[in-house]
Each structure stands twice: as C-alpha cells, then as structure tokens.
Asker: 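Input: one structure, supplied below.
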Amino acid sequence: MSDHAAAHGHSDELAHEMPVSTLISVFLALVVLTLLTFDASYSISRPEYLGAPIFGTHISIFRPLFAALALPAETMRSLGVPIAMAIATVKAMLVILFFMHLRHDKALNNLIFFFCFAFFFLFIAFVLIDTLQYQGDISSFADSQATK
Amino acid sequence: MLPILLASDSNTDPWLNWFWYQMPPQQLSPFAKGVDATYYFIYYVCVFFFVAIMAAMTYFCIRYRRKHPGEMVDKNAPTHSSFLEAAWSIIPSILVVPMFYWGFTDFMDMRSMPDGAYNIGVTGQKWNWTFSYGNGKGIVGGKLENVDWHDKKSIIRDLPAMHVPVNTDIVLTMNSKDVLHSFYIPVFRTKQDVVPGRYTKLWFRADRTGQYDIFCTEYCGDKHSEMLAQLVVDTQEDFDKFYNRVTNLVILFPDPVKRGEYLFNTRGCSQCHSLDGSPKANGGPSFLGAWGTEVSFEDGTSAKMDENYIRESVVNPQAKIRKGFGKIMSVGLLSKDEEFEGIIAFIRDLNEKAKK
Amino acid sequence: MSEHAVADPHTGHDGHQGHNPFHAHHFDTPKQQFDAGKFGMWLFLVQEVLFFSGLFVFYAIVRVNHPEIFRWGHQALDPFYGFVNTIVLIFSSLTMAWAVRCAQKGQRTGLIVNLVITLVCAGVFLCVKYVEYSAKFEHGFLWAGRFNPHTEDHAGDHSATEGTTSHDSGHADASHAASAEGHGGHAHGPVGPPPKNAGVFFSIYFGMTGLHAIHVIAGIAAITWILVRSVRGDFGPDYFGPVDYVGLYWHLVDLVWIYLFPMLYLIE
Amino acid sequence: MATVDVVRSGSAGHTETDNYLTHSKGLLSWLLTLDHKRIGVMYLIATSAAFLLGGFFALMVRTELWTTGRTIMNHDTYNQMFTLHGAVMVFLFIIPGIPAALGNFILPIMLGAKDVAFPRLNLASFYLWMMGATFFLAALSFTGLDTGWTFYTPYSTTDFGTGKDNAIISAVMGVFILGFSSIFTGLNFLVTIHTMRPPGMTWFRMPLFLWAIYSTAIIQVLATPVLAITLLLLLVEKTLGFGIFDPQLGGDPVLFQHFFWFYSHPAVYIMILPAMGVISELIGVNCRRHIFGYRFIAYSSVAIALLGFLVWGHHMFTSGQSKLASVVFSAITFSVAIPSAIKIFNWLSTMYKGSITFNAPFLYALSFMFLFTIGGLTGLFLATLSVDVHLHDTYFVVAHFHYVMVGGALTSFLGGLFHWWPKISGKMYSETPARISALLVFLGFNLTFLPQFVMGTRGMPRRYYNYLPEFEPFHQWSTIGAYVLGAGALLAFATVIHSIFRGKPAPMNPWGGASLEWTCSSPPPHNNFDKAPSVEDCYDYDKLVWDEKTGGYLMRK
C-alpha cells in the first residue's frame with residue numbers, strides 16, 4: 001500500500017503507518033495555526049494589539065495585512081468569522097488527513113466522512129435560511145411586548 | 001377536465017356534493033376554490049392511477065395464477081424494459097409539476113397579507129381563543145363547559161364567536177400565551193399555527209354570511225379538543241352593531257369598579273400612578289389611600305379628593321399640581337361619563353380594600 | 001464503544017482460528033476484520049458529527065440573528081484557557097497518532113508511554129475545564145434559565161462583570177500567563193450591561209463544551225481500556241485495530257474542539 | 001420431476017438436529033448469545049410484544065372515539081393513550097420491527113455471511129432497545145405522558161409540577177436510548193454489507209431486501225444522531241432551562257420542529273424502505289419470476305433514502321415556517337414520489353406472465369400494494385402546499401401515514417414473518433388461518449382508515465377527545481374497523497405461535513426462493529454456511545424444482 005510497508009517487511013499490512021516526522025510536523029503546524037487564529041482575532045477586535053511580543057518585538061501576520069488593506073471597521077468585523085473558520089478548517093483537514101490517516105485510507109471511508117459534512121451543512125443551511133426569514137415576526141412581537 | 005374543475009363550486013354543484021363524500025367543506029375564501037380545484041386535480045390523477053394499478057394487479061392475479069406448485073414461467077418474459085421504466089419515471093414527474101405549481105400559487109396567496117385589511121387580534125391559550133377588536137377596545141372570549149357533545153346547537157351557543165364583516169379582507173394577528181396552537185377555519189381552507197413569542201398572521205375574505213367552525217389543530221394539552229370557536233360572518237350593519245356592543249364599556253363591565261380597573265390598566269394610567277402607595281419614577285401620586293383625603297398643591301392651596309377633583313384632574317391635569325410632583329400629565333385620557341364613573345369608583349374602592 | 005469484534009466464546013472452531021487469538025470466527029481474514037472495524041468506526045464518527053450538528057445549528061442561528069449576545073458573552077470567556085486546552089488536545093492527538101504507529105510497529109513501550117501521555121493530557125484538559133466552569137458558576141454566568149451575573153463579588157476576587165476595570169480581570173493569574181505566551185493579558189470581563197437573552201450564550205457555551213467534555217470522558221475510558229490491553233501485550237503488527245479505532249475517536253474529539261475554540265472564545 | 005438431479009441438502013455435513021435453536025441450551029445461552037439469528041428472534045419477540053401493547057392503546061383510543069363526549073375515559077387518559085400508541089408503535093415497533101427483527105435474522109444469511117460484522121454490538125443494540133423500552137414502561141407508570149410522540153415544544157418543556165414531568169423525561173430518555181440502538185443496528189448492517197459479502201456476491205447480485213436494509217441503515221446512521229441531540233436539548237431545556245426552544249428564555253419553538261423532523265422524516269423511510277424490500281422478495285418468489293427492473297428498484301431505494309433528508313419541512317407548512325422554506329420543501333417533496341412510483345410499477349410488471357401463488361405472504365404483499373398505493377398517492381395532497389394547509393393536522397394526515405406505516409410496514413412485517421417463519425422456526429404454519437388473518441387485516445384496515453380521509457377533508461382535526469357530532473358515524477366505522485384489524489393481527493400471531501407446537505417440519509425451501517437463505521436448512525445451522533456459498537442470481541427461479549416428497553423446492557444441480 002505504501003513504501004513504509006516494504007520497509008517494515010510485513011507483507012499484508014493492515015493500514016498505513018505514518019512516519020514520526022510527519023506527525024510532529026503536523027503538530028507544529030497545528031500550533032502555529034492556533035497562534036494565527038489568535039493573531040487574526042486580536043487584529044480585528046483589539047485596536048491596541050500590535051502583535052505577539054516575541055524576542056522583544058511584535059510579530060503579527062494579520063495586523064499589517066489589515067493595516068495595508070485599510071478596510072472599514074464593519075467589514076473587518078464581518079471578516080472575523082470566515083477567517084477563524086477557514087483556519088479551523090485547515091487545522092481540521094490536517095488532523096483528518098494525517099492524524100486520522102484518511103489520506104491513506106480507503107476511498108469509501110473518505111467518501112462517507114465528507115458526505116456526512118454535506119448533510120451537516122444541508123441541515124445548517126436550511127434551518128438558517130428559514131429562521132432568518134421569520135425573524136421579523138419574532139422581533140416585532142418582542143418590540144410590542146417591550147412597549148407594554 | 002380541468003376547466004370544469006376550476007369552475008366547480010362545492011356549495012352549489014350537487015354532483016360534486018354527492019361524490020363519495022370526498023367533499024371538503026363549503027368554500028368561502030378567495031383561495032378556497034383554487035385549493036379545491038388543485039385538490040380535485042390530484043384526486044382524479046390518484047383515482048386514475050389507483051384504478052389502473054389495481055385493475056392490472058387483479059387481472060394478473062387471475063390470468064397468471066399458479067395451477068401447480070411445479071409450474072415454471074415463460075423464460076422469455078422480460079426482466080426489465082428501459083422504455084417502460086423511463087415512462088413511469090417521466091410521466092409522474094410531469095404530472096406533479098402542475099400540482100406543485102397550483103399549490104404554490106395559492107399558498108403564496110394565503111400567506112401574503114393584503115393591504116388595508118381589517119385587523120383582528122387572536123390570542124390562543126390553554127384552552128380557549130380570545131379575539132380582540134379595535135386594538136384591544138373590545139375583547140371576545142369564552143370557554144366550553146359541560147356541553148352536550150351530541151347537540152351542536154348547545155356547543156355553538158357556548159363558543160366564543162369571532163364576528164367579521166362580509167366581503168372584507170380580514171387579517172388575524174395571532175399570538176399564543178403558552179404553547180403552540182393552530183387556528184383552523186375549514187371553510188376558508190386555511191390554517192396557521194399560533195406560536196408563543198412571535199406573531200403569525202392569517203387572512204381571508206368571507207363572501208357570504210353565516211356561521212362556521214373554528215378549530216385548534218395543534219395539540220395543546222388536556223382540553224385541546226374543546227379549543228373551538230365560531231366564525232360569524234355578518235353584514236356590515238350587523239358587524240357595526242357587534243363592534244359597538246363589544247367595545248361598550250357599560251355592557252362589558254357593568255360593575256364600575258371593574259370598569260375603572262380595566263381603564264386604569266388599558267388607558268395608560270398605570271404607567272405613572274401606582275396602586276400600592278409608592279411613587280413611580282417620573283410619575284404621579286399613588287392612588288392608594290388618596291380618596292377622601294385633603295391633598296395639597298404646588299401653589300399652596302389644598303382640596304379634598306372627591307368626584308369633582310378626579311374629574312378635573314383627568315380632563316385638565318395642569319389645573320392643580322400636587323405638591324412634590326411635576327407637570328407630567330398632559331392630556332385627559334377619558335371622556336365619557338361611564339369612564340369617569342368607573343375610574344372614580346375604582347379609586348374609591350382602593351381605599352375600602354386597603355382598610356380591610 | 002468498542003466497535004471491534006473479538007472471538008466468540010460460543011463458537012465452534014473453524015479453519016481460520018489459530019494464528020491470531022483476536023481473529024473472530026466470522027471473518028475470513030484479519031484484513032477483513034480490520035477493515036470492517038475501521039469502516040464501522042468511521043460510520044460511528046459520522047454519527048458523532050451529526051450528533052454535534054444540532055448544537056452547531058443552534059450556534060449558527062443565535063450567532064446570525066443575535067450577534068450582540070456573542071459580542072457581549074464571549075468576553076466572559078478567557079481565551080488563555082481555551083488556548084491551553086487547544087494545545088493540550090492537539091498534543092494528545094499527536095501522542096495518540098504516535099501510539100497507533102507504535103502499535104502497528106509492535107513497539108509496546110512506546111505504545112504505553114504515548115497512551116499514558118494522552119491520558120494525562122485528557123486529564124489536564126478536564127482540569128482546565130473544571131477551573132473555567134467553576135469561575136462561571138461563581139459569577140452566575142450560567143445558561144439562560146439560571147443566568148444571573150453578579151456584579152458584587154467574593155472577597156479578594158475582582159468581578160469579571162465590571163467592564164470598566166476590564167484590565168484587572170478576575171483571572172489575573174491567567175492573564176499573566178497569557179502574556180507569557182505572548183498574547184497580551186487582555187481582560188475578559190464583559191463590558192456593558194448584558195443584552196436581552198444574554199444567557200443564551202452560556203447555554204451554547206455549556207451545551208457545546210459540556211457535550212464535548214462528556215466525549216473527552218468517554219475517550220479517557222476508551223484509552224484506559226486500550227492501555228490495559230497494551231500492558232497485557234495484546235497488540236502487534238497483526239492486530240492493532242482497537243488502538244486505531246480509539247485513536248480515530250480521540251482525533252474526532254480534538255477536531256470538534258478545533259472548531260469550538262475559535263467559535264466560542266475568539267470570534268466577536 | 002424425479003428424473004432431475006437435485007441437491008438434497010443445502011449445507012452438507014449438518015444433520016437435521018444441529019441448528020441454531022438446538023446449538024446450545026439454557027436461558028443464558030439465549031440472553032448472552034452473539035448469534036444474529038437468536039438476537040433476531042429475541043427482537044422479533046420483543047417488537048411483537050411492543051406491537052401488541054401499541055395495538056392495545058390504539059383500541060383504547062378508538063373505543064373512546066366511539067361517541068363524542070366521554071365514552072370510557074377522560075381527557076387526560078385519552079391523551080396519554082394516543083401518545084403511547086404513537087410512541088410505542090413508532091419507536092418500539094415499526095422502526096426496529098423489520099430491520100432489527102427480520103433483518104437481523106435474514107440479512108447475514110441472505111448475504112452468505114456467517115454473522116453480522118459486530119456480533120457484540122448487535123447484542124448491545126438489543127439490550128439498548130430493552131433499556132429504552134423500560135424507560136417507556138417507566139413513563140407509563142409515572143402517568144401523564146401526553147405530549148404526542150412528537151414531543152413538540154413548548155408543551156413538552158412546560159413545567160407541569162406533576163408526575164407528567166417525570167413521565168416526559170423518562171420517555172425522552174427512552175427514545176434517546178432507542179435511537180442509539182437503532183444507530184448501532186444500522187451501523188452494523190452497513191459494515192456487514194460492505195465488508196462481509198462472500199466472493200461472487202457483487203452489489204448487483206444482492207437481493208433487494210438487502211438494498212432496502214442498506215438504504216435504511218444509511219438513514220439510521222445519518223439521521224438518528226440528530227434525534228439524539230434534539231432530545232438531549234429537550235431534556236436540558238426541560239430540566240435546566242437552556243433557552244433553545246422556550247420562547248420565554250429567548251428560544252424558538254419552531255426550531256424544535258426543524259430538529260425533530262430532520263430525523264423524523266427520514267425515519268418514515270426507516271419504516272417503509274425495509275417494508276419495500278420485503279415486498280420485493282415476496283413478489284419475486286411468489287410470482288416465480290425474475291423481479292422486474294432490479295436495478296431501478298435498488299437505485300430507487302437509495303434515492304428515497306437520500307431524498308428523504310431534503311424534505312422534512314413539509315411537516316411544517318403551517319408551523320410558522322417561512323414561505324420560502326415551505327416552497328422549497330414542497331418542490332423537493334414531489335421528487336420522492338417518483339422512486340416510490342417506480343417501485344410500484346416494477347412490482348406490478350413482475351406479476352405479468354408470472355406464476356402467482358396465493359399463500360399468506362403473497363396476500364399480505366397484495367394488500368401492501370393496495371394500501372401503499374393509497375398511502376403514497378395521498379401523499380401528493382400533502383406535498384401540495386395549498387392543499388396541505390387545509391389538510392394538515394386533520395384526520396387526512398392520520399389516515400395517510402397509517403396507510404403508509406400500517407398498510408406498508410405492518411402488512412410487510414406480517415408478510416415477511418410468514419414468509420421466513422419456516423426458516424426461523426423450522427415449522428410450517430397453517431395456511432388457512434394465515435390467509436384469513438391477511439384478509440381481516442386488509443378489510444379492517446380499510447374500514448378503519450378510509451373514513452378518516454373523509455373526515456380529514458371535511459376538517460376534523462386530529463388528537464381530539466371530543467368532536468363535533470357530525471363526525472360521529474365516520475368515527476364509528478373507524479372503530480369497528482380497528483377491532484377487525486386487531487382481530488386479524490391477533491390471528492396472525494396466534495397462527496405463528498400455534499405452528500411452533502403443531503406445525504409440520506418445514507422443508508429447506510418451501511416457497512421456491514432463490515436467494516441464499518433458502519439454501520441452508522430450516523432452521524439454519526449455527527454458522528449459517530460452512531464454506532462460502534456459491535452466489536448466483538437470486539431471482540432466477542429456473543434452477544428450482546418442486547419436490548412432492550418434502551413439499552418444498554430443491555436446487556437443480
């Protein structure tokens with residue numbers, strides 16, 4: 001199934017073996033991405049944030065980026081969710097593909113796992129669309145109660 | 001077939017009325033005819049397919065019945081046919097398109113509220129409906145108690161009646177005080193759940209007078225089945241009479257104290273005046289213990305709190321300002337004699353209650 | 001939740017038994033058994049994802065319709081704790097993946113050490129959660145039905161709700177530690193009065209992290225079971241399915257947390 | 001026929017006496033068994049008991065409705081009766097009935113496997129079922145479970161301050177646990193079908209029953225966890241006040257319906273897909289004709305399973321759901337009609353030029369065709385937006401889903417039970433009472449539910465204890481029908497039980513089925529197959545020969 005199998009010398013290997021170097025690299029990547037999430041979040045929400053104080057200087061990826069783009073405050077706020085979710089998804093993919101071996105797993109296991117996310121999003125999307133539509137009826141009732 | 005169906009009117013068409021009891025009840029609202037036409041379209045499609053399938057099934061059962069356990073079948077009988085299978089995938093797919101389309105257009109009709117309609121408030125609670133006219137000026141309600149369920153007249157007599165004028169667009173703004181209910185008027189083919197924490201709306205227009213059933217169709221507990229009401233479609237004159245009757249305070253509250261309490265709560269008095277002796281923030285003096293006492297004013301004068309004083313304070317609030325209070329109340333909120341009678345009785349009654 | 005099948009004690013012997021004591025009678029080959037177990041575990045994970053989906057839907061709806069609740073509520077959470085827990089879980093994922101590798105290669109000591117580290121990480125995670133939860137209980141930052149934030153506070157502890165003194169939050173030690181990590185000791189007391197239904201934020205917080213914590217506890221039980229079997233020496237290159245399956249489960253727990261952390265602690 | 005070379009014994013080497021029933025003895029050998037056949041039998045007993053319990057509640061409901069006003073019980077009792085009827089029938093009988101009872105027994109044998117992939121998990125599912133059922137019985141003893149099987153909020157989260165609260169909590173716990181039983185069963189079947197097929201058993205050689213169970217299992221694994229989380233949220237809402245569904249705490253009661261139907265609509269297909277699978281087998285075998293359009297039926301099962309996830313909002317057209325969502329859900333709902341229609345037409349074509357025998361299983365299959373056609377067609381009314389607004393929550397809906405669930409799932413359960421009973425028990429049931437039971441079920445069922453369509457179109461709301469007097473005649477017809485139906489079902493079970501004691505020993509293949517379960521002895525041996533069976537077309541009946549001596553069919557060599 002892979003070249004590691006040959007190295008191990010076991011003929012009918014049950015599953016792929018992940019090299020230690022890959023595992024540690026993935027771990028480090030996850031840590032870096034976690035710090036990046038902080039960086040993005042703080043760059044958006046905290047004006048006084050300059051970057052992570054490391055080696056006597058402030059290191060930040062997103063702050064100079066946002067500064068360069070000079071986006072209006074509202075736009076920047078609305079970017080918070082997509083950026084955080086995008087980074088989280090990259091992290092999740094790393095975990096799924098390497099820690100969970102899905103990259104080397106059967107196509108079927110890949111299929112069902114991504115299929116289930118399709119249902120997950122379907123669920124969220126339909127419910128969200130509907131509740132957004134009738135939110136007005138709820139808020140108008142809440143307003144009428146407040147004035148009473 | 002369809003034009004005949006669209007024109008069919010279940011109130012007058014005896015053939016439709018006779019047909020196998022499959023009749024929905026009378027149709028009254030603008031969309032009821034559309035709903036029924038769609039209903040019948042689906043109905044006849046279903047009958048056609050059902051009869052065809054059952055006829056084929058019966059024929060095969062008789063024609064191909066097994067005569068001996070060892071009997072073998074014709075080996076050349078087909079085990080699939082792309083043509084047939086395509087046919088019975090495509091034909092039903094085509095047939096459901098008009099069903100969806102007519103259902104969709106009538107539904108949008110039902111759910112889009114007309115402009116300038118007459119508004120009635122509907123409140124559902126366990127287990128009765130309350131109808132509110134003129135923004136709460138008139139309230140109609142009632143409960144079923146110990147009726148004879150075999151006698152429809154006695155049921156109707158005890159039910160709260162929602163009166164509406166004929167040939168007028170009516171919008172119901174509905175809310176529930178506790179759990180889910182659902183407001184269902186079969187003659188209008190319309191129904192809407194009544195949800196706590198939000199408003200839901202329903203509209204209709206009755207094109208003839210009469211009296212019709214209203215049901216709660218969302219299970220709401222013990223006496224769900226008794227959460228009924230009557231819809232009374234009146235002529236405009238009758239409706240006006242009804243409206244005057246339900247908004248007439250003397251009829252609604254023969255007891256002046258009750259009338260006063262109602263006015264206190266509904267005409268804004270309670271926003272500034274308390275009933276427990278404590279002053280309200282940015283408000284006026286409390287009503288408790290005030291009756292019959294000597295009250296002093298900002299200009300140094302004083303007067304006894306009696307009928308005339310109260311009347312004057314309501315009609316012209318700026319005339320006498322109580323010591324320690326500002327010129328807050330601006331407009332007289334009551335105008336009719338029976339209203340003054342009520343609020344005076346209410347304030348006087350507070351003292352008597354306090355004494356006890 | 002072991003999805004693997006082991007030998008059936010009631011079974012009569014058949015041709016396949018003998019070379020592996022954990023090879024169940026109804027599978028033709030160990031490979032078939034392993035694949036069946038793995039497919040079963042993936043299906044179980046699919047089920048888990050959809051199990052969590054309800055809470056994510058709830059989150060999405062409140063988030064979209066009432067962002068003010070989040071803007072206010074998330075300040076009550078200390079990102080430092082979230083950060084520590086993220087690193088702890090990621091690290092435990094690493095050791096778990098490593099444990100699987102050790103099992104595959106028949107390295108018993110490595111397997112045991114990795115599993116023990118994973119267990120310790122899970123324990124640390126729960127301890128941090130405990131500290132966080134007790135702070136929320138103390139300040140009355142509870143779910144909607146019990147939401148009752150106190151502005152007055154216990155002796156010696158500064159209120160987390162006093163927005164004006166936000167730089168001096170109740171979690172002083174945590175904030176300092178956060179600075180040490182290089183992420184600024186920002187305060188985490190909500191600023192301003194709570195918006196309407198602010199408690200819903202804490203319903204979401206307790207709902208999501210609580211369900212996740214239950215999964216962590218289940219994971220601890222599963223890993224302990226694997227550990228016992230590892231000490232017994234059950235696993236080797238021919239048979240390591242259970243380690244792999246529990247590993248997959250543990251990574252899913254990590255996966256959920258990867259989303260929960262920014263969703264609850266970071267996003268405004 | 002005596003001149004034809006035939007195989008006399010399906011699994012060589014097994015004597016008549018060594019089968020799964022006699023393999024080991026004692027109560028514990030049953031309670032701790034890992035044999036899918038024994039677990040299937042235990043499920044069969046348990047779900048049949050649940051059916052009788054649910055049926056008892058149904059008769060109580062129908063008896064009370066004999067007259068408007070009080071007949072035999074008060075409001076509260078009536079509300080509990082219809083709640084328990086619905087909940088017991090749905091969660092304890094229909095959902096596990098065919099997949100867990102018949103499926104467990106038949107699936108591995110049909111597939112040519114020795115067992116399901118995870119025998120211990122299989123036993124665990126059974127005990128989870130028992131645990132869930134216990135919680136239900138506890139709810140019964142707390143008295144006052146009256147939320148309907150749907151547990152709609154905010155009624156179910158109301159703080160009643162009586163035993164009702166405990167009853168609701170207990171029942172919700174019960175359903176939660178039953179959900180996991182269902183998930184594990186589905187998971188087990190999916191893995192079994194994917195990984196345990198013997199050489200030669202390709203996907204398109206699988207009997208259609210397996211395709212149906214496979215599709216069902218997809219739904220069980222994908223949808224049931226959503227029910228589980230919904231009920232968990234309902235529990236924390238009720239006990240702690242989480243503010244998810246309760247408007248007073250900022251929640252949204254309509255959200256509960258979204259959550260609930262995301263599971264419960266696909267759950268309808270958990271109920272009907274296995275039934276369709278059973279019918280495919282019954283029709284093929286009893287018409288002795290290769291099933292018509294095999295691939296279309298197989299694909300349509302999977303299509304129904306997947307489309308079933310996209311239509312849940314059609315339960316909510318009047319709930320306060322937005323117009324947009326309603327329109328989208330209505331449009332998608334119609335798409336489910338197509339695969340269902342394909343199945344009906346394909347079954348019908350299978351009968352063409354067949355050799356049709358009218359044994360009890362086939363009579364049940366015929367009534368399935370009749371009843372499910374009505375059930376399916378009346379679904380069109382309810383998928384149509386404007387018509388549904390009128391019919392929603394009336395007896396029309398009640399009649400519609402009973403035509404699907406009872407007319408579909410119950411008749412195929414009984415049909416399948418008779419069909420595989422010789423295999424399960426090794427005994428032949430007596431044909432005449434079985435046929436009479438089929439007739440009674442068919443007539444009683446129609447008498448019960450046809451009048452309900454009429455009432456529904458005339459606006460009679462469901463879940464009513466009292467009703468307007470004009471509906472009384474319809475209710476009385478309905479009640480009479482219910483008793484006939486009940487008698488039919490009892491007769492069916494009595495016939496089956498009678499055969500255990502008095503039935504003739506069953507031949508290996510009494511009906512002439514060509515799928516693998518008919519190639520092992522009746523009852524099957526403990527290990528099903530000693531060596532992987534050779535797999536051929538499971539709908540090719542030419543290879544079978546009638547054997548007068550044993551009263552069954554034998555395989556041509």
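Within every chain, numbering begins at 1; the chains are lettered A, B, ... in the order of the sequence lines, protein sequences first and strands thereafter.
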Asker: Can you establish whether the number of heavy atoms outside C:Tyr130 located under 6.0 Å from its atom OH is more than 12?
Answerer: no

Asker: Is there a side-chain contact between C:Leu142 and D:Leu240 in this structure, where contact means two heavy atoms from C-beta onward sitting under 4.5 Å apart?
Answerer: no

Asker: Check each atom of D:Ala113 against the heavy atoms of chain C and say whether the ones under 4.5 Å are side chain, backbone, both or neither.
Answerer: neither

Asker: Would C:Phe58 and D:Phe245 satisfy side-chain contact (heavy atoms from CB on, under 4.5 Å), going step by step from the backbone distance to the final call?
Answerer: CA-CA 10 Å; C:Phe58 180 38; D:Phe245 305 128; over 6 Å; no

Asker: Do you know which of D:Ile244, D:Val226, D:Leu227, D:Asp246 has the most heavy-atom pairs under 4.5 Å to chain C?
Answerer: D:Ile244

Asker: Out of D:Leu190, D:Leu233, D:Thr224, return the one with the most heavy atom pairs under 4.5 angstrom to chain C.
Answerer: D:Leu190

Asker: How many angstroms lie between CG in D:Asp252 and CD1 in C:Ile61, if you round to the nearest 0.5 Å?
Answerer: 7.5 Å

Asker: Quick one: pull up CG in C:Asp35 and NE2 in D:His194 and give me the separation to the nearest 0.5 Å.
Answerer: 12.0 Å

Asker: Minimum heavy-atom separation for C:Ala36 and D:Val191, please, with both atom names.
Answerer: O-CG1, 3.3 Å

Asker: Do side-chain atoms of C:His26 reach the backbone of D:Ala117 as a donor and acceptor pair under 3.5 angstrom?
Answerer: yes

Asker: Using only atom types and a distance under 3.5 Å, with no angle test, would you say the side chain of C:Gln32 pairs donor to acceptor with the backbone of D:Thr195?
Answerer: yes

Asker: Between D:Phe184 and C:Phe44, what is the ring plane arrangement, given parallel below 30°, perpendicular above 60°, and tilted in between?
Answerer: parallel

Asker: For residues D:Phe259 and C:Val57, determine if any side-chain heavy atom of one lies less than 4.5 Å from a side-chain heavy atom of the other.
Answerer: yes

Asker: Identify which part of D:Phe180 has an atom lying under 4.5 Å from any heavy atom of chain C, answering side chain, backbone, both or neither.
Answerer: side chain

Asker: NZ of D:Lys114 to CZ of C:Phe27: how many Å apart, nearest 0.5 Å?
Answerer: 11.0 Å

Asker: If every non-hydrogen atom of D:Phe242 is compared with every non-hydrogen atom of C:Ala144, which pair is closest and at what distance?
Answerer: O-CB, 3.7 Å

Asker: Could you grab the distance from atom CH2 of C:Trp42 to atom CG of D:Leu187, nearest 0.5 Å is fine?
Answerer: 13.5 Å

Asker: Got a sec: does the CD of D:Gln248 have more than 12 other heavy atoms crowding it under 6.0 Å?
Answerer: no

Asker: Provide the closest heavy-atom pair for C:Leu43 versus D:Val221 in the form atom of the first, atom of the second, distance.
Answerer: O-CG1, 3.8 Å

Asker: Identify the two heavy atoms, one from D:Ile183 and one from C:Gln47, that lie closest to each other, and give their separation to 0.1 Å.
Answerer: CG2-CG, 3.5 Å

Asker: Counting distance only, does the side-chain N/O of C:Trp143 pair as donor-acceptor with the main-chain N or O of D:Gly243 below 3.5 Å?
Answerer: no

Asker: Tell me, side chain or backbone of C:Leu211 under 4.5 Å from chain D's heavy atoms, or both, or neither?
Answerer: side chain

Asker: If you round to the nearest 0.5 Å, how far is OG of C:Ser203 from CG of D:Leu249?
Answerer: 7.5 Å

